[in-house]
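These figures come from a predicted structure and were not determined experimentally.
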Amino acid sequence: MVACSIFTKDGACHRFGDVGTTFTIQSVSKVLTLALAIEDRGKEYVFERVGMEPTGDPYYSMARLELTDQSKPLNPMINAGALTITSMIKGNTKEEKFERILHFIRELADDEDITYNKDVAQSEYDTTDKNRALAYYLKANNILEGDIDEVIDIYTKQCSIEMSCCHLARIGQVLGNRGYSTLHERELVSPRIAQLVKTFMVTCGMYNSSGQLAIEAGIPSKSGVSGAILGTLPGGIGIGIYSPALDEKGNSVVGIELLKRISQNYDLSIFLSGYL
């Protein structure tokens, strides 16, 4: 099963496959909460607590935290970093914090009907022992703030937000257009924040396949274990892919191959001289 949608700056949409299928975005949400956290707290605050470097460890690993002096997650795309980022979202209650995340994503995807899958969220909340352990370790080392159960609740809900590959492509189009939405005719993300999150997509977005994909496709991307991939390109091109079969690193097998072919067939790598 595969679905793909591509949005361009002029509003054109190219799609094929089962584009009406919805799925939970899982770790794709990390890109979006990062943008919101930087908007809420500022770059300095965020990156005092979360690093900017890729890691060769699995996204759920605690090992590197124990080896660094500050116990600081290496980047926002691994689970330790993403949990820390989620804890930074502003709001007086966990409901308000999650509602702000959901509203932000609805705006980016241009669909007020987007919501989260309650069954998936509850299942992940009940079985997220590794993430809970990460959160307690981070709090013990003064990296993560707030109540652990609240952070886990918000995090599992953000990962359980459901959408289609067309929604993903719209989000990618906004990021590729320096944060400006042609549908809303206004800026939804500042150009600087859009630049930051796209850079993390290149260096860390596909976990341990990030370097290889940067070389072979050159498309800033973020994957989720549902089989979702969000891609974005300069000039306001957004790509949404869904294909649930995963490789050993947690990325969509078909999705990665499709990104490579799209890039190579249409010369879309950001590392081509025309983009630099």
Side-chain angles (χ1 to χ4, degrees), residues 24-38 41 43 45-89 101 124-125 127-146 148 151-161 175 193 196-214 220-232 246-252 255-256:
T24 59
I25 60 173
Q26 298 297 326
S27 287
V28 173
S29 67
K30 296 173 180 177
V31 172
L32 311 178
T33 52
L34 174 61
L36 186 57
I38 298 173
R41 304 284 186 173
K43 177 184 172 184
Y45 181 96
V46 170
F47 294 113
E48 280 176 2
R49 293 157 179 81
V50 179
M52 298 181 175
E53 298 300 328
T55 172
D57 299 319
Y59 56 85
Y60 51 79
S61 176
M62 184 184 287
R64 197 60 64 94
L65 292 174
E66 297 174 318
L67 296 175
T68 58
D69 292 337
Q70 297 176 316
S71 298
K72 178 176 169 179
L74 283 180
N75 66 70
M77 300 296 109
I78 57 175
N79 287 10
L83 288 162
T84 305
I85 293 297
T86 295
S87 75
M88 298 178 188
I89 303 300
I101 294 171
E124 293 189 3
Y125 180 86
T127 58
T128 190
D129 292 337
K130 288 183 178 180
N131 282 336
R132 202 176 294 275
L134 285 170
Y136 275 111
Y137 186 88
L138 291 164
K139 184 168 185 178
N141 286 276
N142 301 312
I143 300 294
L144 185 149
E145 300 176 355
I148 298 300
V151 173
I152 295 294
D153 182 75
I154 299 168
Y155 182 72
T156 52
K157 285 178 179 174
Q158 78 181 48
C159 290
S160 301
I161 291 172
L175 293 176
I193 293 176
L196 279 169
V197 299
K198 287 184 290 185
T199 303
F200 279 112
M201 290 169 74
V202 174
T203 60
C204 316
M206 304 297 284
Y207 302 120
N208 294 346
S209 297
S210 298
Q212 183 176 354
L213 189 67
S221 306
K222 182 70 193 85
S223 64
V225 293
S226 59
I229 296 179
L230 164 67
T232 182
L246 304 179
D247 61 21
E248 69 281 359
K249 296 174 183 176
N251 298 315
S252 170
I256 283 183

Could you grab the distance from atom CG of Asn251 to atom CG of Leu213, nearest 0.5 Å is fine? 8.0 Å
Heavy-atom nearest pair, Thr156 first then Glu124, reads CG2-C, 3.8 Å
So which heavy atom on Ser87 is nearest to which on Glu145, and how close? CB-O, 3.5 Å
Would you check if Asn75 and Thr203 make a side-chain contact, meaning some heavy-atom pair closer than 4.5 Å? no
Would you mind reporting whether Leu134 and Asn131 have side-chain heavy atoms less than 4.5 Å apart? yes
Scan Thr24, Asp153, Thr86 and name whichever one has a side-chain hydrogen bond (donor to acceptor under 3.5 Å, both in side chains) with Gln158. Thr86
Interatomic distance, Met206 atom CE to Ser252 atom OG [nearest 0.5 angstrom]: 7.5 Å
Could you check whether any side-chain N or O of Arg41 sits under 3.5 Å from a backbone N or O of Met88, counting only pairs where one atom can act as donor and the other as acceptor? yes
Flag side-chain contact, heavy atom, 4.5 Å: Lys72 against Glu48: no
Please enumerate all residues that pass salt bridge (Lys or Arg N to Asp or Glu O under 4.0 Å) together with Lys198, with sequence neighbours excluded. none
If you round to the nearest 0.5 Å, how far is CD1 of Ile101 from CD1 of Ile161? 7.0 Å
Find out whether Ile143 and Pro73 are in side-chain contact, i.e. whether some heavy atom of one side chain is under 4.5 Å from a heavy atom of the other. yes
Has Arg132 got its NZ or CZ under 6.0 Å from the middle of the six-membered ring of Tyr125, at an angle within 45 degrees of the ring axis? yes
Tell me if a side-chain donor or acceptor on Lys222 pairs with a main-chain N or O of Met201 at a distance below 3.5 Å. no
According to side-chain hydrogen bond (donor to acceptor under 3.5 Å, both in side chains), who are the partners of Lys30, at least two apart in sequence or on a separate chain? Ser27, Asn79, Tyr207
Closest heavy-atom pair and its distance - Ser221, Ile229: CB-CG2, 4.1 Å
Residue pair Leu144 / Ile148: nearest heavy atoms and the distance that separates them: CD2-CD1, 3.8 Å
Which residues pass the ring pair (Phe, Tyr, Trp, His ring centres under 6.0 Å) test with Phe200, not counting sequence neighbours? Phe47
